[in-house]
Visitor: 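Got a structure here, written out as structure tokens. Questions coming.
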Number of protein chains: 2
Amino acid sequence: MANQEFQQEHKTEIRAVNDAMEVLYGKWKISIISSICYYSKRRFSDILNDVNGISNKMLSKELKELELNELVKRTVLDTQPISVQYELTEHGKTLQTIINNLTNWGIEHRKKITGK
Amino acid sequence: MANQEFQQEHKTEIRAVNDAMEVLYGKWKISIISSICYYSKRRFSDILNDVNGISNKMLSKELKELELNELVKRTVLDTQPISVQYELTEHGKTLQTIINNLTNWGIEHRKKITGK
DNA sequence: CAGTATCCAAAGGGATACTG
DNA sequence: CAGTATCCCTTTGGATACTG
């Protein structure tokens with residue numbers, strides 16, 4: 001493989017990893033996914049409680065983005081008053097491995113940095 | 001396991017994944033790691049070229065943070081003019097699996113969203 | 001309950017110029 | 001070459017209040 005192709009392939013990889021990160025950026029996105037994933041189905045106010053420190057504005061905004069990226073499915077339940085349920089789509093579930101890896105890495109990293 | 005413990009474990013997981021994300025946040029961080037990783041050793045100006053659109057200010061800043069987190073090692077080479085080499089530490093290399101997973105996921109996600 | 005709307009402070013980051 | 005410093009605009013996101 002020529003050097004130029006080698007570099008080109010690298011740039012393609014960078015673009016792909018950035019595509020992934022774009023979806024995950026946002027202060028709360030992973031926590032939200034994690035919450036929904038942990039409980040399978042979760043209502044708006046439940047997530048608001050799970051995720052420490054998030055405001056309703058941010059939760060609403062990040063859920064919308066997750067929905068746009070087809071990671072999360074939103075269902076309005078016919079209750080009184082209304083409640084809304086969120087769950088991961090099949091596509092959303094494919095993130096699980098990555099999140100698990102990140103979780104484990106985070107644990108090791110904390111040990112490493114804070115000095116065991 | 002009681003319900004409270006169940007929820008507590010979940011919060012611990014969320015904290016761990018956020019620890020990991022903190023390290024990876026920053027518009028350019030993953031691209032920088034990826035560049036260094038791809039070439040094993042890489043100089044400042046090389047990375048500046050690999051990562052499309054980054055400014056020297058940002059590169060400098062993000063490299064410092066990566067160094068603080070012990071993911072990257074900085075070596076000043078005794079050349080004229082000076083050049084500086086960056087490489088991944090052992091700890092930094094443990095991120096490779098995650099980055100590969102993210103890259104693959106990014107490729108699939110793009111197919112999915114932009115409509116195959 | 002599940003959001004929206006508004007106001008505002010702080011952080012992020014681009015462009016450009018300068019330094020050892 | 002490998003950064004720093006500065007200026008300044010944009011984005012993020014917290015607090016609070018309001019709505020169907």
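Proteins get letters first, then strands, A, B, ... in listed order; numbering begins at 1 in each. Values below: every heavy atom of this structure, side chains too, minus hydrogens, waters and symmetry copies.
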Visitor: What's the spacing between N18(B) CG and M21(B) CE if we round to 0.5 Å?
Guide: 8.0 Å
Visitor: Examine dT4(C): is either OP1 or OP2 under 4.0 Å from a nitrogen or oxygen in the side chain of S60(A)? Give yes or no.
Guide: yes
Visitor: Using whole Å, what does the distance between atom P of nucleotide dT12(D) and atom CE of M58(A) come to?
Guide: 9 Å
Visitor: NZ of K29(A) versus P of dG13(D): gap in Å, rounded?
Guide: 8 Å
Visitor: Choosing from dA2(C), dG3(D), dG14(D), which nucleotide comes nearest the side chain of W28(A)?
Guide: dG14(D)
Visitor: Examine dA2(D): is either OP1 or OP2 under 4.0 Å from a nitrogen or oxygen in the side chain of S45(B)? Give yes or no.
Guide: yes
Visitor: State, yes or no, whether a side-chain contact exists between I47(A) and Y39(A) at a heavy-atom distance under 4.5 Å.
Guide: no
Visitor: Where does DNA chain D pair, written as one dot-bracket string 5' to 3', with Watson-Crick or G-U pairs under 3.5 Å, ( ) inside the strand, [ ] for crossing pairs and | for another strand?
Guide: ||||||||||||||||||||
Visitor: Once you round to the nearest 0.5 Å, how far does NZ of K73(A) lie from NZ of K41(A)?
Guide: 7.5 Å
Visitor: At less than 4.0 Å, is any side-chain N or O atom of R74(B) found next to OP1 or OP2 of dG3(D)? Yes or no.
Guide: yes
Visitor: Let me know the distance between CG of N56(A) and P of dG13(D), rounded to the nearest Å.
Guide: 15 Å
Visitor: Quickly work out the Q80(B) CD to dA2(D) P distance and round it to whole Å.
Guide: 12 Å
Visitor: Would you please confirm or rule out a distance under 4.0 Å between OP1 or OP2 of dC1(C) and any side-chain N or O of S83(A)?
Guide: no
Visitor: Once the angle between the rings of F44(A) and Y86(A) is folded into 0 to 90°, is it parallel (under 30°), tilted (30 to 60°) or perpendicular (over 60°)?
Guide: tilted
Visitor: To the nearest angstrom, how far is E67(B) atom CD from dG3(D) atom C1'?
Guide: 13 Å
Visitor: Taking atom P of dA2(C) as reference, at what distance in whole Å does atom CG of D50(A) sit?
Guide: 13 Å
Visitor: In whole angstrom, give the distance that lies between atom OH of Y25(A) and atom P of dG13(D).
Guide: 12 Å
Visitor: Looking at K61(B), does any N or O in its side chain come under 4.0 Å of the phosphate oxygens OP1/OP2 on dG3(D)?
Guide: no
Visitor: For K57(A) and I82(A), take the nucleotide of DNA chain C holding the closest heavy atom to each; which residue's nucleotide lies nearer the 5' end?
Guide: I82(A)
Visitor: Can you see if the side chain of S55(A) gets near the phosphate of dT16(D) - specifically, an N or O under 4.0 Å from OP1 or OP2?
Guide: no
Visitor: Whole-Å distance between dG3(C) P and D46(A) CG?
Guide: 12 Å
Visitor: Does a side-chain N-to-carboxylate-O contact under 4.0 Å join E67(B) and K64(B)?
Guide: no
Visitor: What is the distance from atom CG of L59(B) to atom CD1 of I54(B), rounded to the nearest 0.5 Å?
Guide: 4.5 Å
Visitor: As a test of understanding, state which of K111(A), K112(A), R110(A) forms a salt bridge (charged side-chain N to carboxylate O under 4.0 Å, His left out) with E108(A).
Guide: K111(A)
